[in-house]
Each structure stands twice: as C-alpha cells, then as structure tokens.
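Throughout, protein chains are lettered first and strands after them, A, B, ... in sequence-line order, and every chain is numbered starting at 1. Everything numeric in this text was worked out from a predicted model, so none of it was measured.
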Amino acid sequence: MAVVRTSTANLASVQTALQRLGCEVRFTDDPRAVLRARRLVLPGVGAFAAAQKAVSARGLEDALRRRIERRHPTLAVCLGMQLMAQGSEEAPGVPGLGVLNGVARCFPAGQRVPQMGWNRVTPAPDCRIVPHGFACFANSYRLGADEWMAASEATAGADDHRGGRAVGGRDRDEWLPAWSEYGGRFLAAVESGAVVGCQFHPELSGAYGRALLSRWLDE
Amino acid sequence: MTEPTGLPVRVIPCLDVRDGRVVKGVSFRQLADQGDPALLAADYEEQGADEVVVLDVSATIEKRGARLATIRAVRAALSVPLTAGGGVGQAEDGDLLLKAGADKVAVNTAAVRRPALLSDLAARFGSQCVVIAIDAARARGVTAGVTAPDDGHARYEVVVRSGGERTGIDAVEWAKQAVALGAGEVLLTSVDRDGTKRGYELELIRRVRAAVSVPIIASGGAESPRHMADAVRAGADAVLAASIFHQAQRTVNEVKEALRELRIPVRLSVP
C-alpha cells in the first residue's frame, strides 16, 4: 500500500488507519511507484495550491491521472479528492488533475466554515464502497452538486454514445456520487470501480470509515 | 452568523494528561488501566465520542517527549479526530504534535503573547488544524445573570497561564482577532464555571457566537445534558466535558440520547 507524501498532508491518521486494517504502508513520491502500486492513497489537508505544487514538483500528475483512468485501486482523501477535479476557487488558475468534472468552491456565503464535524452521507444506489452513514468532515471547499452535475452534463453531451447522464454503475467509467448537505447538496464522495474520492476523512470517521476502507481494500 | 449549521452537535470528552497519565477525564467504566490515555480515548470513541481532546497539564516543558509519545499512542488507538493542547508555545510544537498524529492543535497563552503564532500555524497547516483555546473570566464588577448595558467595557476578559493571570483583554475581541488570524475553531472555557457543575456561561457563548463565524466548542461547567443543550441553544456547535463522564457515571452515548430527547441533533453510533 503506497501513500503519496503530499507535503501538506497529515499522514499519521491515514497510516494508522490502514495499519489497523492490516496494511503495510509505505510513503512515496516516486512517479513509477505511484503508477505501479497495487493500491494508492492520495491524502491531503491544507491548501489546494500547496498540494498541487507538491504533486507537480514530484512529477506525479501523469502517474496519478493514468492510474485513475485505468481504475487502479486509488483512494483520494479530502484535498486529494479536490485535486482530482479541474481546479479550486481557493487557487484560481491552478489546475487539478481533471479526472473529475467541476471546480471546487467554497460553501455558500452565510454557511459556517470550515464544515467541522459529522454529516450524513447518502451514496447513489449502485455504490459498492461508500456506505450510508455519518462521516467526519473538516473542509471549507467542496464540489457542489449543481456545479458537478452541470460540468458532467457538458462532458456527456460531447460524447457520442449517450444523450443524457447515465444513472447506475454498469459503465465502468461512470462516477457514482455520494451526497451530503451543507448549505446545499455537495459531493461527499465519488466512486468508480476501485477508485474512490472522499471529501470527508474516512480515517477519522470511526466505524463508518473502517467499513469504507475495508470495502475499498476488498476491491 | 448565528444560525445553527444543522450538523449534529459534537460531544467531545477531554483528557488532562500529566507525564503520560490521565489525571482528569478518567472513565467510570471498567478499564484495564484507568490512567492510560490511549485506552481511555478508545473507550470514549466506542461510547460514541465525536472527537477527543488531550490536554497536556505537565508542569514543565521537559516533558515534551512524553507528550508526543502520548499523542502517538492515542492516535494509534483512535479513529476519530484528535486535538492536542496544553503548553503549545511555538509553531514547531504544533508541527511536532500534528506529525505525531493530532488532527488539530489548540493554542492558548502563547497565542495571546504572540498572536502571529496563529497565522504561522494556519499558513503551514490550514485553519482547520488550528484551535484557539480561550479561557474567559467575568470582568471585575460583572455579575452573572445580570445583563449590563453595553457601555463599551469588556464583559469578559481573557485569562492565561491556566487561569492564573488576568490580562484585561476583551475575550470577545480576542476571539474575533484570533479567527481573523487563522484559527478555524474556538474552544471557549468559562473560568468562572469550570468545575462548578452549574452549567456553561451562556452569555459568554452568545457573545462569542455573535462575533465569529467559525465553530465554537463550549467548555467549563457541564454537569448534565441539559447544560449542554443550553450551550447549544446559546450558539455552541460542540460541547467539551470531562467530569460528567466520570463522576456522573454516564457514557457518551447516554448523554447523547438525553440530548436527543432534548431535541438537540446528535450522531448516535450505537443503535
């Protein structure tokens, strides 16, 4: 099990959570290891720009993009999930990996930020990894439902094979959403095959998080 | 921003640790070792705790190595957020605690002495890792329960060095400044109420709630779920407690069930 050493990440909780589930964890910032690892975790806390810089300084973008596109077991956590998107309002002009549609934006004005605490996660019916339940969040930015769906429609519209947005998980490329509500609906997590992105911290979400991690490890 | 967020209210046990042993916050439950921080923290998680705070109350800074070992041990046993506080003097201390496994670092006296500590920590680790712990006492001449006219004088002042020193600094203004500098959360303790078991200082919570938009954790005075419910209605997003879980002999889940009865939204992990 490889964990990307993004310099802003709090690595200890991720490491102990995985070790508790019997994984041998090694930290890496080598592009080949990132591409070839049997399983990979992309953690992240802190600022989008700093995390993106840590990834690009080590030449990891292509490796990450490729393994995500091939649906090799990959778990992106918090900032790691935001890095999968096209970018973040927190750092205008700084590109994300672009494997997920949409730009991460701050919660609407008037909403208490950061979102600190436990919130209900409702996965799409065909989700196999993300369970129903409460997960622990600590974030000010997120992929809003409208933003993500609009960006996904735009992409789907450009494809040949399907008119509308497909529902369900038969298409291996399809991202299945898991929703949460905080000043409106937002993406708590996405999954597609063995790739999962979580806006929350599964390693800090008690039994719920352990269930998610176990299911991911079984993929 | 005084509207509640809709998130379940967080119930957070606090462990005071000295030289690697828990001195306050022990559980009434049967545990192999009542003084072991990791065992206790894990038990609290099992009881339904949303987070755990570990406060170092060691007398001297020589014990720094021991406190990191404590945080490592607690981290290995805990799958919910962990906040480390007590004697955090420099950004370097915060760095070591986060590396050892804390998710958040609470700073108190050192931030009052040098407020830039908050922006240092926030810049390095992000505001969500930085908690400003404020101990507040009623300013001299202020009577509890009497709403004085707003004459411009501070109603609550900041107290530092574990309650030993009044600073004359307006606690509400300090909270505003701390958040502006990068604190992502306020851990608000009433010095007057702490240990009294007569409930939290609601006026203090209300005033800080009206002044800052980040989450507020109420501390000091909790003896019952009713006290906690009052604190939430005054604007707290979370409640910190120690003796209710020891002396009142209630589990975290029992307290949460009582909160639910009082129509306070909580996360119930045990069905």
Notebook entry, point to check: Do you know which of B:E51, B:Q128, B:R267 has the most heavy-atom pairs under 4.5 Å to chain A?
Noted result: B:R267
Checklist line | Under 4.5 Å from any heavy atom of chain A - which part of B:A123 | finding: neither
Checklist line | Atom group of B:L78 that falls short of 4.5 Å from chain A, counting heavy atoms | finding: backbone
Notebook entry, point to check: Passes side-chain contact (heavy atoms from CB on, under 4.5 Å), A:C78 versus A:Q199? Steps please.
Noted result: CA-CA 4 Å; A:C78 198; A:Q199 182 59 76; 3.8 Å; yes
Item checked: Winner by heavy-atom pair count (cut-off under 4.5 Å) against chain B, out of A:N119, A:T16, A:N139 -> A:T16
Checklist line | Spacing of A:I129 atom CD1 and A:E191 atom CD [to the nearest 0.5 Å] | finding: 4.5 Å
Notebook entry, point to check: With only heavy atoms counted, which part of A:S205 is less than 4.5 Å from chain B, the side chain, the backbone, both or neither?
Noted result: backbone
Next item on the list: Name the region of B:A102, side chain, backbone, both or neither, that has any atom closer than 4.5 Å to a heavy atom of chain A.
Entry: backbone
Item checked: B:R10 portion near chain A, given a 4.5 angstrom heavy-atom threshold -> side chain
Margin query: Given heavy-atom pairs under 4.5 angstrom as the criterion, report whether the side chain, backbone, both or neither of B:K104 touches chain A.
Written below: side chain
Check: Side chain, backbone, both or neither: which part of A:R120 has a non-hydrogen atom closer than 4.5 Å to chain B?
Finding: neither
Note to self: I need the minimum non-hydrogen distance between B:G101 and B:L82, along with the two atoms involved.
What the structure shows: O-CD2, 4.0 Å
Checklist line | Close side-chain approach of A:V14 and A:V41, heavy atoms under 4.5 Å | finding: yes
Notebook entry, point to check: Under 6.0 Å between ring centres, would you say that holds for A:Y208 and A:F200?
Noted result: yes
Next item on the list: Would you mind checking which part of A:Y182 comes under 4.5 Å of any heavy atom in chain B, side chain (CB onward), backbone (N, CA, C, O), both or neither?
Entry: side chain
Check: So which of B:A77, B:G6, B:G184, B:P81 has the biggest tally of heavy-atom pairs under 4.5 Å with chain A?
Finding: B:P81
Next item on the list: Answer with yes or no after comparing the ring centroid distance for A:F186 and A:F107 against a 6.0 Å cut-off, counting only values under it.
Entry: yes
Check: Ignoring hydrogens and geometry, is there a side-chain-to-backbone donor-acceptor pair from B:R124 to B:D95 under 3.5 Å?
Finding: no
Notebook entry, point to check: Can we call the ring centroids of A:F48 and A:Y141 under 6.0 Å apart?
Noted result: no
Notebook entry, point to check: For chain B, which of A:P114, A:G133, A:G209 has the most heavy-atom pairs under 4.5 Å?
Noted result: A:P114
Next item on the list: Give a yes or no answer on whether the side chain of A:W118 reaches the backbone of B:L7 with a donor-acceptor pair at less than 3.5 Å.
Entry: no
Margin query: Using a 4.5 angstrom heavy-atom cutoff, name the option from A:A138, A:G206, A:G183, A:S140 with the most pairs to chain B.
Written below: A:G206
